[in-house]
**Q** 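My questions will all concern the structure given below.
Only this structure's heavy atoms are used, side chains among them; waters, hydrogens and symmetry mates stay out.
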Amino acid sequence: MPLSTPAHIVSELASRGYNAEREAVTRLADAPDPADALDRALETMPESALKLTADHVDTVLDRAESRADATSRATGDPETAVTSADKSDPPVSTGTEPPNSGNVGGAVPVETRGSRDIDRSLRAIEVANDMTGDSTGTGEYQDFVRVFRDRYEKLASKLRGRVNHRPTDAIQNMAGGSEAALIGMVSDIRSTASGHWLVELEDTNGTFPCLVMKDRPIADLVQQLLLDEVIAVDGTLADDAGILFVDSLHFPDVPRTHSPSTADRHVQAALISDVHVGSQEFMAEAWHRFAEWLHTPEAEHVEYLLIAGDMVEGVGIYPEQDEELDIIDIYDQYRAFSEYLKEVPGDMEIRMIPGNHDAVRLAEPQPGFDEELRDIMSAHDASIHSNPAMVTVEGVSILMYHGVSLDEVIAELPDEEASYEEPHKAMYHLLKKRHVAPQYGGHTRLAPEDRDYLMMEDVPDVFHTGHVHKLGWGKYHNVLALNSGCWQAQTEFQKSVNIDPDSGYAPILDLDTLDMTVRKFA
Ligand code: D5M
Ligand code: FE
Ligand code: ZN
């Protein structure tokens with residue numbers, strides 16, 4: 001990709017898992033050979049650094065003093081792009097601060113046109129599992145070992161009560177024909193010559209082959225397995241104790257008895273995603289209508305707005321995406337997004353997480369936006385968390401996850417279990433696996449951290465995803481799973497693969513009953 005513009009450089013860096021200071025991007029864009037400068041800057045920067053700074057670039061460009069004139073190519077004035085938060089500040093807003101109603105960015109914010117009559121002291125919001133600012137992984141092998149061990153241990157603890165399991169190495173020494181159970185991460189799934197299933201399970205001591213006979217009802221469950229998820233099996237050892245014949249298979253799952261919490265008053269949240277500002281297909285008119293509606297008496301109880309990623313279209317996300325861009329500079333896309341956000345009533349509490357089109361690393365968990373982007377979007381005082389993050393609104397825990405793994409779940413599982421037409425069913429499987437992105441190495445990229453932030457340690461009351469641009473919702477063991485559609489009309493790519501997006505819908509959730517209504521604005 002030619003790295004001719006700051007936008008290309010930002011997306012190239014993002015695709016390699018790096019954030020960068022705007023000044024670093026400006027300097028790279030100004031270098032005689034930006035691609036070469038970028039490669040060299042990444043090579044020379046310290047391994048622990050995840051953000052490329054102007055100093056790193058200076059080191060390779062061989063000029064120590066900062067160049068004020070280089071800023072003319074930046075898309076804004078870096079002097080005014082103040083770093084709003086200290087790195088050590090937790091990026092978690094308490095939600096009790098009044099929104100910034102200042103005239104940020106030059107345009108007249110809609111929130112100045114008179115706020116709704118709302119008592120904000122009744123609001124309560126808490127955030128857990130936000131790893132923004134806490135990224136420790138460097139992508140080394142040991143980091144992967146640690147995060148997989150954490151995943152195994154936490155998911156295994158959910159399965160321990162269900163089977164009387166032994167470690168794989170102990171099973172190897174048991175007598176043939178004994179009853180045995182084990183808990184392991186799925187490391188291989190193969191069908192045998194006679195059509196049975198051989199599932200290899202791995203624990204911290206080794207691996208063990210488990211055979212599921214094709215004519216048993218549990219063979220259907222094998223079709224639901226993804227690599228790297230953690231399950232338990234119970235069965236009988238073969239005579240030579242070299243293989244386990246499986247009688248039952250268990251997922252960590254959500255208990256059927258899960259009883260969701262609800263708000264103490266009638267209050268609602270709009271749960272949306274995939275706005276894709278900057279795309280030629282972004283549906284500005286639908287967005288205006290949605291924002292207008294939020295100002296009407298009908299929407300007086302909609303006090304929260306949650307956005308599950310893909311705020312902007314981004315740059316360089318997919319091949320030939322450039323041809324469908326309306327705004328080609330990534331920062332300009334966020335500026336435009338911020339303007340659209342200002343149309344929303346100023347008293348709304350807004351929470352957002354990034355998606356695969358946003359300007360943060362692609363690998364999950366994705367930290368919330370850096371200070372520079374936060375600054376661009378600061379007009380509405382929206383809080384930005386990592387993808388995924390657990391946002392608890394007036395007692396209702398909402399797991400927000402953008403949803404890249406859904407493509408994989410839909411590709412791997414049988415149609416009746418997961419499809420683009422019924423995206424919530426794919427979500428049910430993630431709930432069942434208690435993990436938002438079990439399979440590593442396919443679509444979903446993983447950044448190893450000190451623990452597995454992608455695992456669902458606690459059962460959410462609501463699971464909110466986007467990404468597949470299809471609207472669908474339903475309940476799984478009393479958990480409401482919602483995929484929220486998008487604000488982008490069908491793209492050329494989507495046309496070519498027959499994806500018919502659900503565009504311009506706003507799902508509205510009653511926090512006191514967990515009932516959903518969907519409003520259409522397109
Ligand atoms: O992706 C929206 C949906 O479309 C999601 O299911 C992925 C799929 N998609 C869109 N464009 C592409 C390309 N070029 N290749 C593969 N899959 C694609 P989103 O990432 O939210 O735009
Ligand atoms: Fe999207
Ligand atoms: Zn997406």
Side-chain angles (χ1 to χ4, degrees), residues 148-175 177-189 196-238 241 243-260 397 399 409 413 417-418 425 427-439 451-452 454-461 463 475-479 481:
F148 277 106
R149 192 171 281 251
D150 185 55
R151 174 187 304 192
Y152 174 77
E153 267 151 23
K154 289 197 181 123
L155 289 172
S157 76
K158 312 253 173 241
L159 288 157
R160 275 195 192 110
R162 242 119 14 107
V163 292
N164 184 17
H165 81 292
R166 296 274 174 276
T168 46
D169 53 345
I171 289 184
Q172 263 144 17
N173 297 323
M174 285 170 74
S178 340
E179 301 267 295
L182 70 128
I183 297 177
M185 197 175 276
V186 177
S187 60
D188 194 23
I189 309 167
H196 303 303
W197 293 102
L198 193 61
V199 178
E200 195 164 73
L201 292 185
E202 179 173 0
D203 66 7
T204 45
N205 297 288
T207 62
F208 202 84
C210 305
L211 194 80
V212 179
M213 309 295 276
K214 64 179 176 198
D215 42 7
R216 303 285 300 268
I218 55 165
D220 286 346
L221 298 179
V222 177
Q223 312 272 357
Q224 301 177 13
L225 293 181
L226 292 179
L227 291 178
D228 307 322
E229 71 171 293
V230 178
I231 58 166
V233 292
D234 209 338
T236 314
L237 284 173
I243 198 165
L244 181 82
F245 295 110
V246 181
D247 290 323
S248 66
L249 191 157
H250 311 263
F251 293 90
D253 225 321
V254 171
R256 283 179 185 281
T257 52
H258 175 69
S259 161
S397 57
L399 175 59
V409 176
L413 268 48
E417 295 293 336
K425 290 196 178 168
M427 300 173 74
Y428 295 170
H429 285 279
L430 297 178
L431 287 164
K432 193 168 175 175
K433 299 172 195 308
R434 293 289 287 269
H435 201 282
V436 300
Q439 185 159 296
R451 64 181 180 84
D452 190 352
L454 306 176
M455 189 227 149
M456 298 183 206
E457 200 142 15
D458 299 314
V459 176
D461 300 321
F463 184 23
K475 287 205 175 155
Y476 177 75
H477 296 186
N478 303 323
V479 178

**Q** Quick check for you: to the nearest 0.5 Å, what is the distance between Ile243 atom CD1 and Thr236 atom OG1?
**A** 12.5 Å
**Q** Please find the pair of heavy atoms, one from Asp203 and one from Pro167, that lie closest to each other, and give the distance.
**A**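 Shortest heavy-atom contact: OD2-CA, 3.3 Å.
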**Q** Looking at CG of Leu244 and CG of Asp234, how far apart are the two atoms once the value is rounded to the nearest 0.5 Å?
**A**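 Going from the CG atom of Leu244 to the CG atom of Asp234 covers 8.0 Å.
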**Q** Using every non-hydrogen atom in the two residues, find where Ala175 and Ala241 come nearest and quote the distance to one decimal.
**A** C-CB, 4.4 Å
**Q** Hey, are His258 and Asp461 close enough side-chain-wise for a donor-acceptor pair under 3.5 Å?
**A** yes
**Q** State, yes or no, whether a side-chain contact exists between Leu413 and Leu226 at a heavy-atom distance under 4.5 Å.
**A** yes
**Q** Do Cys210 and Leu182 have side-chain heavy atoms sitting under 4.5 Å apart?
**A** yes
**Q** Any side-chain heavy-atom pair from Glu202 and Tyr152 closer than 4.5 angstrom?
**A** no
**Q** Show, in sequence, the C-alpha distance, side-chain angles and deciding distance for Asp228 and Phe148, and conclude whether the side-chain contact (heavy atoms from CB on, under 4.5 Å) test is met.
**A** CA-CA 9 Å; Asp228 307 322; Phe148 277 106; 4.3 Å; yes
**Q** Counting C-beta onward and ignoring hydrogens, is there a side-chain heavy-atom pair between Asp452 and Lys154 closer than 4.5 Å?
**A** no
**Q** Are Leu454 and Pro438 side-chain neighbours, meaning at least one heavy-atom pair lies under 4.5 Å?
**A**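 Leu454 vs Pro438: side chains apart.
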**Q** Can you tell if the side chain of Phe208 reaches within under 4.5 Å of the side chain of Leu237, non-hydrogen atoms only?
**A** yes
**Q** Which atoms form the tightest heavy-atom contact between Val186 and Ile189, and what is the distance?
**A** CG1-CG1, 3.6 Å
**Q** When Glu229 is tested against each of Met185, Gln439, Lys433, His435 for side chain to side chain contact (heavy atoms under 4.5 Å, CB included), which residue passes?
**A** Lys433
**Q** For the CG atom of Asp188 and the CG atom of Leu198, what is their distance to the nearest 0.5 Å?
**A** 7.5 Å
**Q** Does a side-chain heavy-atom distance below 4.5 Å link Met456 with Leu431?
**A** yes
**Q** Quick one: closest heavy-atom pair of Pro460 and Leu399, and the distance?
**A** CB-CB, 3.7 Å
**Q** Could you tell me whether a side-chain N or O of Asp150 sits under 3.5 Å from a main-chain N or O of Glu153, the two making a donor and an acceptor?
**A** no
**Q** Donor-acceptor pair, distance only, cut-off 3.5 Å: does the side chain of Ser187 make one with the backbone of Glu200?
**A**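 Looks like yes, one N/O pair under 3.5 Å.
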**Q** Between His165 and Ile183, is there a donor-acceptor pair closer than 3.5 Å when you use the side chain of the first and the backbone of the second?
**A**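 Such a contact is absent between His165 side chain and Ile183 backbone.
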**Q** What's the verdict on side-chain contact (heavy atoms from CB on, under 4.5 Å) for Leu201 and Thr168, showing C-alpha distance, side-chain angles and the deciding distance?
**A** CA-CA 9 Å; Leu201 292 185; Thr168 46; 5.8 Å; no
**Q** Could you go step by step and tell me if His429 and Tyr476 meet the side-chain contact (heavy atoms from CB on, under 4.5 Å) rule?
**A** CA-CA 9 Å; His429 285 279; Tyr476 177 75; over 6 Å; no
**Q** Would you give the length of the straight line joining atom CZ of Arg151 to atom CZ of Arg434, rounded to the nearest 0.5 angstrom?
**A** 14.0 Å
**Q** One thing to verify: whether Asp247 and Arg216 come together as a salt bridge, which I'm taking to mean a side-chain N less than 4.0 angstrom from a carboxylate O.
**A** yes
**Q** Rounded to the nearest 0.5 Å, what separation is found between the CZ atom of Arg166 and the CE atom of Met174?
**A**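 Spacing of CZ (Arg166) from CE (Met174) equals 6.5 Å.
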**Q** I need the single residue from Leu221, Leu211, Val222 that forms a side chain to side chain contact (heavy atoms under 4.5 Å, CB included) with Val199. Which is it?
**A**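 Going through Leu221, Leu211, Val222 one by one, the side chain to side chain contact (heavy atoms under 4.5 Å, CB included) with Val199 is satisfied by Val222 alone.
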**Q** Could you give the distance from CD1 (Ile218) to CG (Leu249), rounded to the nearest 0.5 Å?
**A**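 If I round to the nearest 0.5 Å, the distance is 6.0 Å.
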